[in-house]
Amino acid sequence: MRTTAFRTLMKSEFGELRAGSITRDHVFADLGGRTVEQAIASGLEPQRIWLAVCDAFDVPPERR
């Protein structure tokens, strides 16, 4: 998955404003105590980041 696809999924699932807030402000234990933006900057695979977001926010399996 590319970062652009990840960002599209975030906006689809959470809306543009909330997606932006989640990526900047929410710290995920599954991402090593990093925000989404920090995880992307550190080189983590966007698919792994997406799954961590899905787990944290209970995204239904059919939308993962």
Side-chain angles (χ1 to χ4, degrees):
M1 172 188 295
R2 294 178 181 248
T3 303
T4 54
F6 167 79
R7 293 192 188 283
T8 299
L9 286 171
M10 288 292 293
K11 288 177 187 175
S12 262
E13 186 63 36
F14 300 106
E16 191 166 346
L17 291 176
R18 186 164 183 225
S21 176
I22 290 169
T23 60
R24 285 187 314 272
D25 303 327
H26 190 88
V27 175
F28 293 86
D30 287 351
L31 300 177
R34 292 179 274 202
T35 66
V36 166
E37 294 299 335
Q38 291 168 332
I40 289 170
S42 72
L44 281 179
E45 173 64 37
Q47 179 70 30
R48 178 176 171 201
I49 298 169
W50 174 244
L51 292 176
V53 171
C54 289
D55 287 344
F57 287 91
D58 296 321
V59 174
E62 63 272 8
R63 294 199 307 262
R64 291 180 180 219

Worksheet item: In terms of hydrophobic clustering (I, L, V, M, F, W, Y; side-chain heavy atoms under 4.5 Å; direct or indirect links), are V27 and I40 co-clustered?
Response: no
Worksheet entry | Shortest non-hydrogen separation from E45 to M1 and the atoms involved | OE2-O, 3.2 Å
Discussion item. Rounded at 0.5 Å granularity, tell me how far CZ in F6 sits from OG1 in T23.
Written reply: 7.0 Å
Donor-acceptor list for residues 48-57 side chains, cut-off 3.5 Å, not counting sequence neighbours:
{"residue": "D55", "atom": "OD1", "partner": "R64", "partner atom": "NH1", "Å": "2.6"}

Discussion item. Taking side chain to side chain donor-acceptor pair (under 3.5 Å) as the cut-off, I'd like each qualifying pair that reaches into residues 1-12, sequence neighbours left out, listed once.
Written reply: R7-E37
Discussion item. For L31, is there any backbone N or O sitting under 3.5 Å from a side-chain donor or acceptor partner on R34?
Written reply: yes
Practice prompt. For residues 17-29, pull every pair meeting salt bridge (charged side-chain N to carboxylate O under 4.0 Å, His left out), keeping only residues two or more places apart or in separate chains.
Written response: none
Item to complete: List the atom of Q38, the atom of G33, and the distance in Å for their closest heavy-atom pair.
Response: OE1-O, 4.4 Å
Worksheet item: Within a radius of less than 6.0 Å around CD of E16, do more than 12 heavy atoms belonging to other residues, nucleotides or ligands occur?
Response: no
